[in-house]
Every structure is written in C-alpha cells, then in structure tokens.
Amino acid sequence: MKKISSLFALMFCAALVFAQLNNPSPMIDSIGFADKIIGKVILIGDTWAIESAENGHLQRYVPIGDDNSWKSEGQEIVFSGVIGKPDPNVRMIGNPLEVREWRKLYRAQPTDEH
C-alpha cells in the first residue's frame with residue numbers, strides 16, 4: 001500500500017511540474033493595460049523591445065512569452081497587452097509586457113511628384 005501511495009504522490013508532483021513548465025503565459029503583476037499603442041520593434045543587445053512615444057514621452061516595453069512572430073527590427077506595430085510591474089532587483093530596458101494582440105502597421109508613403 002505504501003508503494004502505491006508513493007507512486008501516486010510522485011505522479012502528482014510530476015504533473016504539477018509539467019504544468020508549470022508548459023505554462024505559455026507566465027504570471028506577471030499587472031500595473032496597467034496598453035491598448036492599441038503604436039510602437040517600433042527594436043533589438044538592444046540580445047533583448048527585443050517595443051519602443052513607443054506616448055504623450056511625448058519615450059516608453060519601452062520588453063515583451064514576455066514565446067510569440068516570436070512580431071520580432072522584425074524596425075517594424076512598426078500596433079499592440080495591446082498587459083503591462084507588468086518591473087522587478088526592482090533587476091535592471092530592465094523597459095516595462096515587462098504580455099502582448100495579447102498585435103498587427104503590423106502599414107503607413108502610406110508619399111509619392112515623389114516632380
């Protein structure tokens with residue numbers, strides 16, 4: 001009986017660890033929501049970030065998660081997501097951001113009429 005209960009306890013612990021490892025969205029402490037913000041994708045060192053000018057102030061966000069489809073340096077995007085609280089013990093390029101949705105921004109180019 002002890003072997004069976006030990007086996008069940010081990011399987012339960014393994015299931016908990018497996019669930020934590022396969023969690024696609026890490027938990028963050030939310031301090032706000034970014035709604036339809038225009039930003040430019042930049043690469044600083046080996047860290048991808050989104051830089052935007054909000055109300056005349058430069059703001060940088062460091063997206064967390066596994067979605068790599070938006071990572072193209074210089075690309076302008078419109079994004080929405082949950083803004084996380086920065087860890088006071090870690091120096092970051094910007095606020096952590098869990099990107100919920102994004103779209104590539106296409107701007108009209110002026111024609112050169114001479």
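- Pro63 has its side chain out of reach of Phe79: every pair of non-hydrogen atoms, C-beta onward, lies at least 4.5 Å apart.
- With sequence neighbours left out, Lys71 forms a side-chain hydrogen bond (donor to acceptor under 3.5 Å, both in side chains) with Asn68.
- Looking at Asn95 and Ile83, their side chains come closer than 4.5 Å, going by heavy atoms from C-beta outward.
- Considering only residues two or more places apart in sequence or on other chains, Ile42 meets the side chain to side chain contact (heavy atoms under 4.5 Å, CB included) condition with Ile44, Ala49, Glu51, Arg60.
- Residues Tyr61 and Trp48 are members of one and the same hydrophobic cluster, defined by side-chain heavy-atom contacts under 4.5 angstrom among Ile, Leu, Val, Met, Phe, Trp and Tyr.
- Counting only residues at least two apart or in different chains, ring pair (Phe, Tyr, Trp, His ring centres under 6.0 Å) contacts with residues 80-99 are absent.
- Val78 places none of its side-chain heavy atoms less than 4.5 Å from the side chain of Ile37.
- In the hydrophobic clustering of this structure, Trp102 groups with Leu43; members are Ile, Leu, Val, Met, Phe, Trp, Tyr whose side-chain heavy atoms approach within less than 4.5 Å, directly or through other members.
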Ile64 and Leu97: CA distance, side-chain angles, deciding distance, side-chain contact (heavy atoms from CB on, under 4.5 Å) verdict: CA-CA 6 Å; Ile64 58 174; Leu97 174 75; over 6 Å; no

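- In terms of modelled atom types and a separation under 3.5 Å, the side chain of Ser80 and the main chain of Lys36 share a donor-acceptor contact.
- Closest heavy-atom contact between Gly39 and Ser52: CA-CB, 4.0 Å.
- Contact check on Glu98 versus Arg100 returns a salt bridge, with a Lys/Arg side-chain nitrogen under 4.0 Å from an Asp/Glu carboxylate oxygen.
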